[in-house]
Amino acid sequence: MARKILCVAEKPSIAKSVAQHLSGGHFNTHSIRGNTFVKNYEFDFNFSPPWGQCSVTMTSVLGHLTSLEFTQAHRQWNSCSPGQLFDAPVETEVDKDKKAIAANIASQAKYAGALFIWTDCDREGEHIGSEVRQVAFESNRTIEVKRAKFSNTERAHIIRAAQNPVNLDDRQVNAVAARIELDLRLGAAFTRYTTLSLRSLGGDLADRVISYGSCQFPTLGFVVDRAPKAWKQVPQDGQSKSHEIAEDLYNKGWISYPRTETDTFDQGMDLKKLIERQSQDHAWGGYAQTLLRGGFQQPRGGRQNDQAHPPIHPVNYVASHSLADDERRVYEFVVRRFLACCSEDATGESTTVDIQYGDETFSATGLIVLERNYLVVYTYEKWTSSQPLPKFTLNESFEPTEANITEGETTAPGYLTEPELISLMDANGIGTDATMADHIAKIKEREYVMTQPRTGGAQTNGVNGRGNRGARVGRGSSRGASSAGGAGRGGDGRSVQQFIPTTLGVALIEGYDGIGLESSLGKPFLRKEMEIKMKEICAGTKSRNDFVHETLELYKAIFVRTQQQVGVLKAACRKYVFGGQP
DNA sequence: GCAAGGTC
C-alpha cells in the first residue's frame, strides 16, 4: 500500500513550485479551511528507499507558526515590576491568525508515515521546521520527521532534495529559540521600564510608548551618531528602491532568491544550463554562446557562504519586452553579472607616472585593456575611466603645455541616507535582509527619527550641536510609518531619503550613552555579540542554556545600572525634548 | 501598550 508523506514548506509559493517539480505538473489543489493563502497539493512521488512510491500532500505555513509570550500573569504592564520580566515564565503559543494552518498540518499528519520539512535553509527556517514538527507530533507521536535541503527551486535540485532528506538541525533550532527568548525578555523589560520612568516627566512623554529593542536601538544610534556632522547637504545620485524589484523577479521565477550572504556557487550547480537559457537573448545571447563554446570559467569562490542561498543568478529566461522598465534593468543586471562571473578575467597594463614640478609631486595612472573578456558583457564596469597616458621614460624631463590650480573643498557628510543606514545595519549584524526595513519603520513610528528626501543644492542645517532645531517630537512633526514596510521610501522614487533624529531620539541615545555602561544600548556591539554567540550554538561550541543565562545576567546588570542612573536619562529628555535644545 | 523573526 502506498504510504502517505506530508511535506510542509515555509510559504505557499515554495509549496507550489516543489509540487510542480515533484509531480511533473500533475497534482490536485485543495483549499484549506480558514486560510486563503495556504493550499494543499496532492500527487504521487517515488521517494528513495525506504519510502518508495508515496501519496504526497504538499502544503505550507506562512513563516513562523508560533510566538513566545509571557504567561497571563505577567502580560499586564502593572502586573509586575519590569525587572521581573528577565525571569518571568513564558509560553509558546500558536499565533491567533495561524490556528487554521496548524490545524491543517495536524490533520494531514495524522495518517502520514513521514513529515518532510521544506522550509528555507537558514536558521529561522530550521526553527520554523521545528514548529511544524511540534504541531505534527501532537496529532501523530510516531511520525518520522525528515528535512529536505534545498537552496533554489530548480527542478533537478528539488528532486535531489526530495531523495536525499536529512535531519532537522537542532543546534540551529536552539540558537533561534534563544534569540526569541532574549528578544522578548529584554525588549519587554526595557520598554516597560523606559516608558514608565519617562512618563513621570509629563508633557509629551506622558502618553507614548518608548520602546527598546536589540535592533531598533542601534538603528536609532546610527542615525543620531551622524546627525551632528550634518552641515551641508551633499548632492547624490538617485537610487532605485531595487531589492523589491528583485524580490518580485524571484517570486515570478526569473531569478534566484535575492540575498547576498553568499558569494560562492556550489560545485554541483549546473551553471552551463543557466547560461544556455540566456543564449536566445538578442543583447547578451551571443556572449552567452561564446561562453558555451569554450569561454566558460568556473567562478572563483568568495569567502561568504551561508549554505542557504546561492549567489543571485538568473533561473529562467524572460524576454525584455515582457518586463516593466525597472524589472528589465534589474533582470539585465543580474544576468550580466552572472555571465561575467562565468567569464575569464580581463587583463590590462597600467602605468603610473610620478612628476616633480617645483616643490610639488603629482601622480597619474593610466590603463590599457589588453583582453576585455568579462568586460564585454559586464557593461557597468569600464576600465577606461583613467586617462590614456603618453609614453614616458624614467627620469625624463618635459615641459608642460598647461598648469592650472583649481579650487575645491572637502564637504562634511550629510545626514545618514537610507542606503548608508542599511549598510551600517548589515555590517554590524543588526536585523536580517527581511527585517531591516521593519526596524527603520519602527523608529519612525516611535517618532525617534523623521525622514526627508535629500534634494540636491546647498541647504544648510543647524551647524552647531545636534543640527536639527526643527525636528521636535510633537505631533505636528509626526510622519509615522504608515507607508507599509516603508523604511524611508516615498518621494518620487528617485530621491534618497535621509534620516533626521527627533529631539526624543537624540535624548534616548545621549541618555543611555551617559549612563556609563561599558557598552551602551545605543551601540551595535551588544547585538553583534548575540549574533556571534548564536553562530557558536550552531557550531556546537556553546549551549543554548549558557547563552541565555549569561546574556540575561549581562542585561540584568545593565538594567540595574539604568535604574540607578535614570536621572541621566531624564536629564537628557529635559534638555532635548522639553528644552528644545539641538 | 513591550521585541525580532518569518510571510500575505
Side-chain angles (χ1 to χ4, degrees), chain A residues 8-16 35-39 60-70 74-86 88 90 92 94-95 97-98 100-101 119-132 172-173 175-199 205-220 247-248 250-251 257 259 308 425 429-443 445-446 484-485 521 526-527 530-531 534 551 555 559:
Chain A
V8 183
E10 185 164 321
K11 43 186 169 279
S13 61
I14 296 290
K16 188 171 187 181
N35 189 290
T36 51
F37 302 109
V38 170
K39 302 270 187 283
S60 74
V61 289
L62 293 172
H64 286 281
L65 260 186
T66 61
S67 295
L68 193 69
E69 295 294 342
F70 293 106
H74 292 83
R75 287 188 197 181
Q76 295 288 336
W77 280 40
N78 55 12
S79 63
C80 65
S81 68
Q84 290 179 280
L85 298 175
F86 286 107
V90 289
T92 299
V94 175
D95 293 346
D97 55 341
K98 307 285 175 63
I101 300 170
T119 49
D120 294 359
C121 279
D122 51 30
R123 273 190 327 222
E124 296 295 330
E126 217 65 16
H127 191 273
I128 292 167
S130 77
E131 297 170 43
V132 171
Q172 293 187 57
V173 173
V176 172
R179 174 196 65 69
I180 290 171
E181 180 176 349
L182 290 169
D183 282 334
L184 173 67
R185 293 188 185 281
L186 310 180
F190 278 95
T191 297
R192 288 189 197 178
Y193 178 74
T194 311
T195 302
L196 298 174
S197 307
L198 296 182
R199 181 158 294 180
L205 298 181
D207 57 355
R208 64 166 66 234
V209 172
I210 298 176
S211 60
Y212 163 81
S214 61
C215 288
Q216 54 176 271
F217 244 55
T219 304
L220 170 61
E247 227 166 63
D248 223 44
Y250 162 72
N251 283 325
Y257 204 56
R259 289 206 170 170
M425 293 172 75
I430 304 300
T432 66
D433 283 3
T435 61
M436 283 182 197
D438 296 337
H439 301 310
I440 295 170
K442 181 63 77 179
I443 63 175
E445 180 192 331
R446 297 280 183 237
L521 292 184
L526 288 167
R527 187 66 176 77
M530 272 176 66
E531 189 62 31
M534 282 173 75
T551 306
Y555 276 84
F559 188 83

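All chains are named by letter (A, B, ...) in the order of the sequence lines, taking the proteins before the strands, and each is independently numbered beginning at 1. Worth saying up front: this structure is predicted, and the values here are computed from it rather than measured. Note: hydrogens, waters and symmetry copies are ignored here, and every other heavy atom, side chains too, is used.
B:dG1 has A:Trp77 stacked on its base ring, the centres lying under 5.5 angstrom apart and the planes within 30 degrees of parallel.
For the residue pair A:Thr119 and A:Glu126, no side-chain donor N or O sits within less than 3.5 Å of a side-chain acceptor on the partner. Under 3.5 Å, the side chains of A:Ser214 and A:Asp183 contain a donor-acceptor pair of N or O atoms.
A:Glu69 is linked by a side chain to side chain donor-acceptor pair (under 3.5 Å) to nothing, counting only residues two or more places apart in sequence or in another chain. Every residue meeting the salt bridge (Lys or Arg N to Asp or Glu O under 4.0 Å) condition with A:Glu124, not counting sequence neighbours, appears here in chain and number order: A:Arg179.
Residue A:Ser214 is classed as a sugar-phosphate contact, given heavy-atom separations below 4.0 Å to backbone atoms only. Across all strands shown, A:Arg185 has no heavy atoms under 4.0 Å from either base or sugar-phosphate atoms. Note on A:Glu126: nothing from the nucleic acid sits closer than 4.0 angstrom, heavy atoms only. Heavy atoms of A:Pro12 sit under 4.0 angstrom from primed sugar atoms or phosphate atoms, though from no base atom. Here A:Leu85 lies out of heavy-atom contact (under 4.0 Å) with every strand. When heavy atoms are screened at a 4.0 angstrom cut-off, A:Gly125 is found touching no nucleic acid atom at all. At a threshold of 4.0 angstrom between heavy atoms, the contacts of A:Thr432 are confined to the sugar-phosphate backbone, with no base atom among them. Residue A:Gly63 is in base contact, counting any heavy-atom pair closer than 4.0 Å across all strands shown.
Atom NZ of A:Lys16 sits in a sparse spot, with 12 or fewer heavy atoms from other residues, nucleotides or ligands closer than 6.0 Å.
Atom CE in A:Met436 sits about 9 Å away from atom P in B:dG5, given to the nearest Å. Atom CG of A:Leu205 is separated from atom C1' of B:dG1 by 16 Å (rounded to the nearest Å). Taking atom CG of residue A:Leu526 and atom P of nucleotide B:dA3, one finds them 18 Å apart after rounding to whole Å. Across the protein-nucleic acid pair, A:Leu68 atom CG and B:dC2 atom C1' stand 13 Å apart, rounded to whole Å. Atoms CD1 (A:Ile430) and P (B:dA4) sit 10 Å apart, rounded to a whole Å. Summarising the geometry, the separation between CZ on A:Phe190 and P on B:dA4 is reported as 13 Å, rounded to the nearest angstrom. In this entry the distance linking CD1 of A:Ile180 with P of B:dG5 reads 10 Å, nearest Å. Per the geometry, CG belonging to A:Asp95 stands 14 Å off C1' belonging to B:dC8, to the nearest Å.
DNA chain B is contacted by both A:Cys215 and A:Val209; A:Val209 maps to the nucleotide lying nearer its 5′ end (nearest heavy atom per residue).
Of the listed nucleotides (B:dG5, B:dC8, B:dA3), B:dA3 has the atom at the smallest distance from the side chain of A:Thr191. Of the listed nucleotides (B:dC2, B:dC8, B:dA4), B:dC2 has the atom at the smallest distance from the side chain of A:Ala188. Nearest to the side-chain atoms of A:Arg199 among the listed nucleotides B:dC8, B:dA3, B:dG1 stands B:dG1.
Dashed line: the shortest gap from a side-chain N or O of A:His439 to OP1 or OP2 of B:dA3 is not under 4.0 Å. When the side-chain nitrogen and oxygen atoms of A:Thr435 are compared with OP1 and OP2 of B:dG5, one or more of them lie within a distance under 4.0 Å. OP1 or OP2 of B:dA3 sits under 4.0 Å from a side-chain N or O of A:Arg446.
A:Phe559 has its ring centre less than 6.0 Å from the ring centre of A:Tyr193.
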